[in-house]
Amino acid sequence: MNSSIKSAFAAVVFTAAVLPVALPAQSAEIMPLIDAHLHYSHDAWEGLPPKDAIAALRRAGLKKAFVSSSSDDGTQMLYKEAPDLIVPVLRPYRKRGELGTWFRDPTVINMLDGRLKKGGYAGIGEFHIFGADAGGEVFRKVFQLARKYKIFLHAHSDADAVDRIFKQDPAATVLWAHSGFAEPDRIRAMLKKHKRLWSDLAFRSQHGAGGKADPDWAKLFAEFPGRFMIGTDTYTPERWYFVEEHASWSRTWLRSLPRELAERIAWKNAANLSNWA
Ligand SMILES: [Zn+2]
């Protein structure tokens, strides 16, 4: 037996010997992730300059990061630093503290339209709107802008407000921030009712408690494989220090799901959300 045949033979024997051991197929690689819920608002800029914020996102191994900020200048600074990584989403807030009043302020519309005209945004949000406020005049103009620019709405809302959005515009694309902080049954009912509703898991932990997908949530994910995505929600500057940990925690619980489903939640659903790619 010459040496190359010998080593080929050895390889076959070796492969046969290890095959019966189930190797976790995903353990050797880093699962790609898109974080669909990040903010880089004015109070984070000084403590964590754009270069450092981008470094944190790179350390987390993110494929893309959806960022919306109060003001949008924060998002633009990150985008300038890393256009390959940042997906800008336009917030209707110029500073912290406008989240309870913005939908009564008509000047918001000009601000949004002025920025959207320049292009490059994947969505409008994350904004806060609840109940009947989603029927107001300013908000109606906001989702008309989303329709005009063919982008999604990132809504931190109760189910009532989400219903009202779709009642006014059945063709809207809505990303439900935090899945409305609702329980799986409520989320299931909403996803069933609204075919163009997507749901982010930001700032929640129950679905992956103990490093495994919770059975109730896993059932929901399997029923709606194309509708969920992950997010950290850096709504305060301190949350930026959690981005990397959140990514590794997400990879851990996602690995307990079937691979194709895990990949959809990890990044594919976010990639398909709108025509930003
Ligand atoms: Zn948020």
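Hydrogens, waters and symmetry mates are skipped; everything else that's a heavy atom, side chains included, is used. Here, residue 1 is the first one in the sequence, and each next residue gets the next number. We count ligands from 1, going down the list as the structure has it; atoms in each ligand are counted the same way.
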One thing to verify: whether [Y] and [X] come together as a salt bridge, which I'm taking to mean a side-chain N less than 4.0 angstrom from a carboxylate O.
X      : Y      : answer
Arg196 : Asp169 : no
Arg94  : Asp105 : yes
Arg186 : Glu183 : no

Within 45° cone of Trp267 ring axis and under 6.0 Å: Lys63 NZ or CZ
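Pair Lys63/Trp267 counts as cation-pi.
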Quick one: closest heavy-atom pair of Val108 and Pro92, and the distance?
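For Val108 and Pro92, the tightest heavy-atom pair comes out as CG1-CB, 3.7 Å.
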Tell me how many protein N, O or S atoms are within a distance shorter than 2.8 Å of the Zn ion (ligand 1).
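Protein heteroatoms (N, O, S) closer than 2.8 Å to the Zn ion (ligand 1) number 4.
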Backbone N or O of Ile129 within a donor-acceptor pair of the Asp133 side chain at under 3.5 Å?
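Side chain of Asp133 to backbone of Ile129: no pair is present.
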